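Dropping the structure in here first, questions after.
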Amino acid sequence: MKKFKIKEFAQLLGYHPQYLRVLEKEGKIPPARRDPKTNWRYYTLQDLIEAKKQLGIPVNEKPTIQVFINYKGGTGKSTIASNYAYNLAQLGFEVLAIDLDPQGHLTRSLGIPDEASRTLPTIMDGITKGDISTSIISIKDNLLHLIPSNVNLTIFEKYLQQQSIAVETKLYKLLQPIMPKYNYIIIDCAPSVSLANINAMVAADDIIVPIIPDFLSYDGLNLLFKDISALRENATMYHARQIRIIVNKYDQRLSIADILIKTLKEEYKDMLLNSIIRQDATVERAQAKLLTIFEYAKRSKFAQDIISFTHEMLENEKKFTLNTVGAKND
Ligand SMILES: Nc1ncnc2c1ncn2[C@@H]1O[C@H](COP(=O)(O)OP(=O)(O)OP(=O)(O)O)[C@@H](O)[C@H]1O
Ligand SMILES: [Mg+2]
């Protein structure tokens with residue numbers, strides 16, 4: 001069971017840690033628990049849900065679906081998605097990661113070797129059986145859940161091509177029955193223009209675009225954003241509330257990186273996240289050992305940068321939640 005430290009708990013509620021004591025005295029949040037060994041104060045996920053209810057902050061009944069996509073290859077989609085999913089699960093959220101890429105790199109990044117993933121179900125097996133939950137496996141000592149992928153998933157694209165109506169909403173509809181179980185569904189896409197990726201974007205609440213600071217990546221964004229605009233105009237179920245660009249593999253020694261970031265800031269001001277993920281060879285070593293960065297080197301640059309990214313995403317989430325409260329009160 002995840003134990004939230006006071007600071008984390010305060011952050012998730014959107015308050016200063018000292019204010020928690022005031023809220024506790026006023027009986028507005030459940031009292032902190034104490035670890036019998038260390039005597040430290042902590043809270044559980046249950047306390048978080050209870051506190052949110054008492055404070056009138058809506059508790060998500062639906063998960064937030066976050067899709068990692070870029071038509072360009074090798075920008076860090078799978079690496080960031082897997083470590084972010086793990087980080088969210090460590091914070092106590094119920095997380096389902098979905099590997100939508102027949103290369104299966106998310107699956108591997110989350111600890112499953114290729115030989116093993118070949119015999120595991122993919123999302124396509126769930127479709128064939130008429131029950132998507134049959135494709136979900138528990139991983140990392142039950143910390144999080146995964147719909148794996150392997151080369152067999154190439155038939156997903158063929159399956160979508162054969163659909164005659166509402167082809168772009170298949171994935172979103174398939175996910176509906178399992179949604180109440182999760183706080184977050186994290187989807188990792190293949191670097192392709194495909195129906196599978198259109199489906200992922202239609203299902204998305206947040207579209208997250210990892211980019212490496214070079215001009216080729218920058219050019220590739222246009223095509224993706226053109227497709228997103230077309231979806232916004234034409235796909236009835238498209239509902240993404242934000243598109244966020246995250247710079248990955250940042251190397252401060254390369255002046256091109258700073259020039260690109262400056263250009264991105266000018267052109268995509270509202271989309272660009274403040275967090276930047278630095279180039280760090282530790283991540284490849286972790287992946288070679290089939291470990292997330294938090295299991296392999298939790299003090300590494302990459303781990304620290306994923307934590308910053310997670311915190312920024314949680315801050316954004318809070319804005320949306322608080323907006324909903326505001327809208328209800330108006
Ligand atoms: N911040 C980083 N520092 C160093 N290496 C990184 C970093 N992020 C990703 N990598 C490495 O870059 C390579 C590509 O990353 P990854 O597979 O996550 O990209 P991708 O966008 O998912 O690729 P694809 O488009 O093929 O799906 C991997 O070998 C990964 O270990
Ligand atoms: Mg990938």
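Note that this is a predicted model, so its numbers are computed, not measured. Atoms within a ligand are numbered from 1 in the order they appear, just like the ligands themselves.
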Who's the nearest protein heavy-atom neighbour of atom 5 (N) of ligand 1, and how far? Val283 CG1, 3.4 Å
Quick one: look at Asp188 and ligand 1, take heavy-atom pairs under 4.0 Å, and tell me if it's side chain, backbone, both or neither.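 It is neither; nothing of Asp188 touches ligand 1.
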Would you find more than 12 non-hydrogen atoms of other residues, nucleotides or ligands less than 6.0 Å from Glu26 atom CD?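 Enclosed: over 12 neighbouring heavy atoms sit under 6.0 Å from CD of Glu26.
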Relative to ligand 1, is Thr75 under 4.0 angstrom through side chain, backbone, both or neither, heavy atoms considered?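 Both backbone and side chain.
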Is the distance between the ring centroids of Phe9 and Tyr43 less than 6.0 Å?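 Between Tyr43 and Phe9, which both carry aromatic rings, the centre distance is below 6.0 Å.
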So which heavy atom in the protein is nearest atom 4 (C) of ligand 1, and how far is it from that ligand atom? Asp280 O, 3.3 Å
Counting from 1, what ligand 1 atoms have a heavy atom of Asp101 closer than 4.0 Å?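 By the 4.0 Å cutoff, the relevant atoms are 27 (O).
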So is Gly74 polar-close to ligand 1, meaning N/O to N/O under 3.5 Å? yes
Identify, by atom number and element, the atoms of ligand 1 in contact range of Arg278, meaning under 4.0 Å from any of its heavy atoms.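 Here the atoms of ligand 1 in question are 1 (N), 2 (C), 3 (N).
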Any idea how Tyr184 and Phe93 line up, ring-wise: parallel (<30°), tilted (30 to 60°), or perpendicular (>60°)?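 Rings of Tyr184 and Phe93: perpendicular, as their planes differ by over 60°.
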Can you list the atoms of ligand 1 that are under 4.0 Å from a heavy atom of Gly73?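 Near Gly73, the atoms of ligand 1 are 25 (O).
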At under 4.0 Å between heavy atoms, is it the side chain or the backbone of Gln103 that contacts ligand 1, or both, or neither? side chain
Could you identify the single nearest non-hydrogen protein atom to atom 10 (N) of ligand 1 and state the distance to 0.1 Å? Lys249 CE, 3.4 Å
Among all protein heavy atoms, pick the one closest to atom 16 (P) of ligand 1 and tell me residue, atom and distance. Thr79 OG1, 3.4 Å
Can you tell me if Thr263 and Glu266 form a side-chain donor-acceptor pair at under 3.5 Å?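 No.
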Which part of Asp305 is near ligand 1, with near meaning a heavy atom under 4.0 Å away: side chain, backbone, both or neither? neither
Is Gln103 close enough to the Mg ion (ligand 2) that one of its N, O or S atoms comes in under 2.8 Å?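 No, Gln103 does not qualify, because none of its backbone or side-chain N, O or S atoms lies under 2.8 Å.
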Any nitrogen or oxygen of Gly76, side chain or backbone, less than 3.5 Å from one on ligand 1?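 Between Gly76 and ligand 1 (N or O atoms, distance only) the closest approach is under 3.5 Å.
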For Met124, is there any backbone N or O sitting under 3.5 Å from a side-chain donor or acceptor partner on Thr122? yes
If the plane angle is over 60° it's perpendicular, under 30° parallel, otherwise tilted; pick one for Tyr86 and Phe294.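 Plane angle under 30°, so parallel.
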What residue and heavy atom of the protein are closest to atom 8 (N) of ligand 1, and at what distance? Asn248 ND2, 3.0 Å
Taking atom 31 (O) of ligand 1 as the reference point, the nearest protein heavy atom with its distance: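 For this ligand atom, the closest protein heavy atom is Gln287 OE1, 2.5 Å.
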Can a donor-acceptor pair be found between the side chains of Tyr238 and Glu168 at a distance below 3.5 Å?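 Their side chains do not contain a donor-acceptor pair, so the 3.5 Å distance test is not met.
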Going by the order shown, which atoms of ligand 1 are within less than 4.0 Å of some heavy atom of Phe302? 1 (N)
For Tyr15 and Tyr19, take the angle between the two ring planes, folded into 0 to 90°, and tell me which bin it lands in: parallel under 30, tilted 30 to 60, perpendicular over 60. tilted
Measure from the side-chain N and O atoms of Asn150 to the backbone N and O of Ser117, and report whether any donor-acceptor pair falls under 3.5 Å.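 Side chain of Asn150 to backbone of Ser117: a pair is present.
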Count the heavy atoms belonging to other residues, nucleotides or ligands that lie under 6.0 Å from CZ of Arg21, then report whether that count exceeds 12.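 Atom CZ in Arg21 is not crowded, with 12 or fewer foreign heavy atoms closer than 6.0 Å.
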